[in-house]
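As structure tokens, the structure follows; a few thoughts come after it.
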Amino acid sequence: MRSEEPVSMPRHVAIIMDGNGRWANARGLPRTAGHRAGVERVRETVRTAAEAGVKYLTLFAFSSENWNRPKEEVSDLMGLLRYFIRRDLAELHRENVRVRVIGCRASVQPDIRALLTEAEDRTRDNTGLSLVIAFNYGSRNELARAARSIAEQVKSGALDPASIDETTLASYVDTVGIPDPDLVIRTSGEQRLSNFLLWQTAYSEFVFMPCLWPDFDRQAFHEALAEYCRRDRRFGAVSAPELAVGS
Ligand code: FPP
């Protein structure tokens, strides 16, 4: 997109929901209270995204590195995901939301795996917002799994190594069929990607918000969207005014 065109609403917003633990600590509460408050923000954020005309919303719910947290916290996060899907799936479906899940399912508890599959199957034909839940997700793991699948295809003779290009790789990552994020938001003031969508964010815009995830309200989301709209996306090219100066 050239800079003379106003940047429109992002089609795909991806969010690193950070700061639940600090939010709880600041209130003298257990970290799990922060995660619970975080789920309320998830609900509100899904509604705000749909109202704003965002088509894809990806939420980093549990990373492949989060297993290293204390056992009780991991178990609480699993419980919250179960609770969210059991409690909210019917409403998401009514609201025409399509749920997709990215990440490695192999090492996830069978009941959670079944819930994730149920959420995807039940909402498969919905045409509204696509809610992409990154669960047991890590980008390096995703890329390693993609490389393994491609190698298997080559080994079986189904794929010619000379034909492998960027489009091939894009069709083996978990996000196949989902456009790359236009905007990545991270809350809590941290400014890093933490192994999130490394391949997909090559040309994404990043907005780092100082607020902690349980404080990320409708207004904060709109501020991030407004900041995105002020950006000049060039995708490696030059902006139109610069071209005019050079000609
Ligand atoms: C980061 O805060 C947040 C997480 C690791 C989990 C995010 C999960 C939820 C909001 C709830 C479940 C999600 C869904 C989609 C139902 P942190 O614990 O790293 O905070 P800290 O950096 O302040 O310690």
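Start at 1 and go down the list; that is how both ligands and their atoms are numbered.
Counting only N and O atoms by type, the side chains of S204 and D180 include no donor and acceptor under 3.5 Å apart.
Checking side-chain atoms of N136 against main-chain N and O of G103 turns up no donor-acceptor pair under 3.5 Å.
The contact shell of ligand 1, taken as protein residues with any non-hydrogen atom closer than 4.0 angstrom, comprises M17, D18, G19, N20, G21, R22, R31, H35, G38, V39, A61, N66, R69, L77, F84, W213.
Annotation for E166: atom CD does not count as buried by contact number, only 12 or fewer foreign heavy atoms lying within 6.0 Å. Around CD of Q219, the count of heavy atoms belonging to other residues, nucleotides or ligands within 6.0 Å does not exceed 12.
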Check against side-chain contact (heavy atoms from CB on, under 4.5 Å), V13 and Y228: CA-CA 10 Å; V13 178; Y228 169 84; over 6 Å; no

Stepwise side-chain contact (heavy atoms from CB on, under 4.5 Å) check, L89 with T123: CA-CA 9 Å; L89 182 58; T123 61; 4.0 Å; yes

